Amino acid sequence: MSTTATDTHYLPADGRPRCRWCAAAAGDDGYLRYHDTEWGFPVDSDFRLFEKLCLEGFQSGLSWRTILNKRDAFRQAFAGFDFNKVASFKDKDVERLLQDAGIVRHRGKIEAAINNAQRCVELVAEQGSLARYIWSFEPAALAAPEHATETAASRALSKDLKKRGWKFVGPTTMYAFMQSMGMLNDHAIGCVTRDEVAARLKKFKRPS
């Protein structure tokens with residue numbers, strides 16, 4: 001395994017180049033599998049999109065590896081990220097979650113996830129689906145990765161969600177979400193997964 005500050009890619013033991021951020025968890029097969037099979041692949045499931053929105057919020061100030069390692073515990077704690085169920089969580093649920101060592105025990109983030117579930121129920125009633133709403137912010141396709149922390153599209157999504165009462169949805173968080181859920185292909189040029197994501201995006205039917 002090798003990487004330097006000037007490398008374009010990260011080369012794990014199999015010798016197949018991946019995005020350089022994979023080096024942050026060198027030797028972690030789960031982290032590499034997430035990159036190879038999930039990150040950047042288009043998602044149209046409302047529950048999976050809500051999960052990604054919540055986990056990006058929980059990740060704020062932490063490493064993604066931390067969140068990924070806790071994802072199963074998060075799914076159990078938050079009813080599989082079924083926002084219809086999470087929306088009904090009460091104060092006793094907040095206290096229960098604050099005692100759950102398997103997740104990130106941050107009161108503000110826990111309360112934000114419950115609030116966002118309530119706002120998501122409202123949004124789906126208005127828009128028909130969370131997927132339809134999210135994909136309406138899709139920017140024009142790019143020839144190369146942006147290597148940005150936020151973009152016009154992520155700022156627009158962040159602004160609209162905040163207007164609707166969502167929390168922990170800043171433009172940087174929303175850009176990471178857009179990368180994760182496949183709204184744009186930010187895999188490095190030469191990464192073994194980039195072409196596969198491009199092909200999947202080409203065939204992907206946008207929610208309408």
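As the structure is a computational prediction, the values presented were derived from the model and not from experiment.
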Please state whether the rings of Phe89 and Phe78 are parallel, tilted or perpendicular, taking 30° and 60° as the class boundaries.
parallel
Any side-chain donor paired with an acceptor under 3.5 Å for Tyr34 and Asp28?
no
Non-hydrogen atoms of Gly108 and Phe168 that approach each other most closely
O-CE1, 3.7 Å
Looking at side-chain heavy atoms only, is the closest gap between Phe41 and Thr193 below 4.5 Å?
yes
Which distance, rounded to the nearest 0.5 Å, do you find between the SG of Cys191 and the CG of Asp36?
7.0 Å
Quick one: do Ile189 and Trp39 end up in the same hydrophobic cluster if we chain Ile, Leu, Val, Met, Phe, Trp and Tyr together by side-chain heavy atoms under 4.5 Å apart?
no
Thr37 (side chain) donor-acceptor with Arg33 (main chain) under 3.5 angstrom:
yes
To the nearest 0.5 Å, how far apart are NE2 in His35 and CZ in Arg18?
7.0 Å
Taking the six-membered ring for Trp, are Phe74 and Phe58 parallel (under 30°), tilted (30 to 60°) or perpendicular (over 60°)?
tilted
Whether the side chain of Lys85 engages the backbone of Gly80 through a donor-acceptor N/O pair (distance < 3.5 Å, no angle test) should be reported.
no
Indicate yes or no: does Lys90 engage Glu95 in a salt bridge with an N to O separation below 4.0 Å.
no
Short question: side chain of Ser154, backbone of Thr172 - any donor-acceptor pair under 3.5 Å?
no
Exam field: side chain Arg194 to backbone Asn185, donor-acceptor pair closer than 3.5 Å:
yes
Rounding to 0.5 Å, atoms NZ (Lys167) and CD (Glu111) come to a distance of 7.5 Å
Where the side chain of Asn115 meets the backbone of Gly165, is there a donor-acceptor pair that is under 3.5 Å apart?
yes
Evaluate whether atom CG of Asp14 has more than 12 neighbouring non-hydrogen atoms of other residues, nucleotides or ligands under 6.0 angstrom away.
yes
State plainly whether the residues Arg96 and Asp100 are in salt-bridge range, i.e. N to O under 4.0 Å.
no
Using side-chain heavy atoms (C-beta onward) and a distance below 4.5 Å, is Arg65 in contact with Leu68?
no
State, with a plain yes or no, whether a side-chain heavy atom of Val169 is found less than 4.5 Å away from one of Phe177.
no
Look up atom CD in Glu56 and atom CH2 in Trp64, then write down how far apart they are to the nearest 0.5 Å.
5.0 Å
Which heavy atom of Trp135 sits nearest a heavy atom of Gly182, and at what distance?
CH2-O, 3.4 Å
Please tell me whether Leu32 and Val197 are part of a single hydrophobic cluster in this structure, the criterion being side-chain heavy atoms less than 4.5 Å apart.
no
Minimal heavy-atom distance between Cys19 and Ala188, with the atoms involved, is SG-N, 3.3 Å
Measure the CD1-CZ distance between Ile134 and Arg206 for me, rounded to the nearest 0.5 Å.
14.5 Å
What are the two closest non-hydrogen atoms of Leu98 and Arg105, and how far apart are they?
O-CD, 2.8 Å
Kindly assign one of parallel, tilted or perpendicular to the pair Tyr133 and Phe137, based on the angle between their ring planes and the thresholds 30° and 60°.
perpendicular
Minimal non-hydrogen separation, Ala131 against Pro207, with atom names
CB-CG, 3.7 Å
Check against side-chain contact (heavy atoms from CB on, under 4.5 Å), Phe83 and Val121
CA-CA 7 Å; Phe83 47 81; Val121 170; 4.0 Å; yes
Within-4.5 Å side-chain heavy-atom neighbours: Glu51 and Arg71
yes
Do the charged groups of Glu122 and Arg119 touch, with an N to O distance under 4.0 Å?
yes
What about the rings of Tyr31 and Trp21, do their centers lie closer together than 6.0 Å?
yes
Which atom names give the shortest non-hydrogen contact between Gln118 and Ala87, and what distance separates them?
NE2-O, 3.1 Å
With rounding to the nearest 0.5 angstrom, report the CE to CE distance, Met174 to Met178.
8.0 Å
May I ask you to test the Leu53-Leu130 pair for a side-chain heavy-atom distance under 4.5 Å?
yes
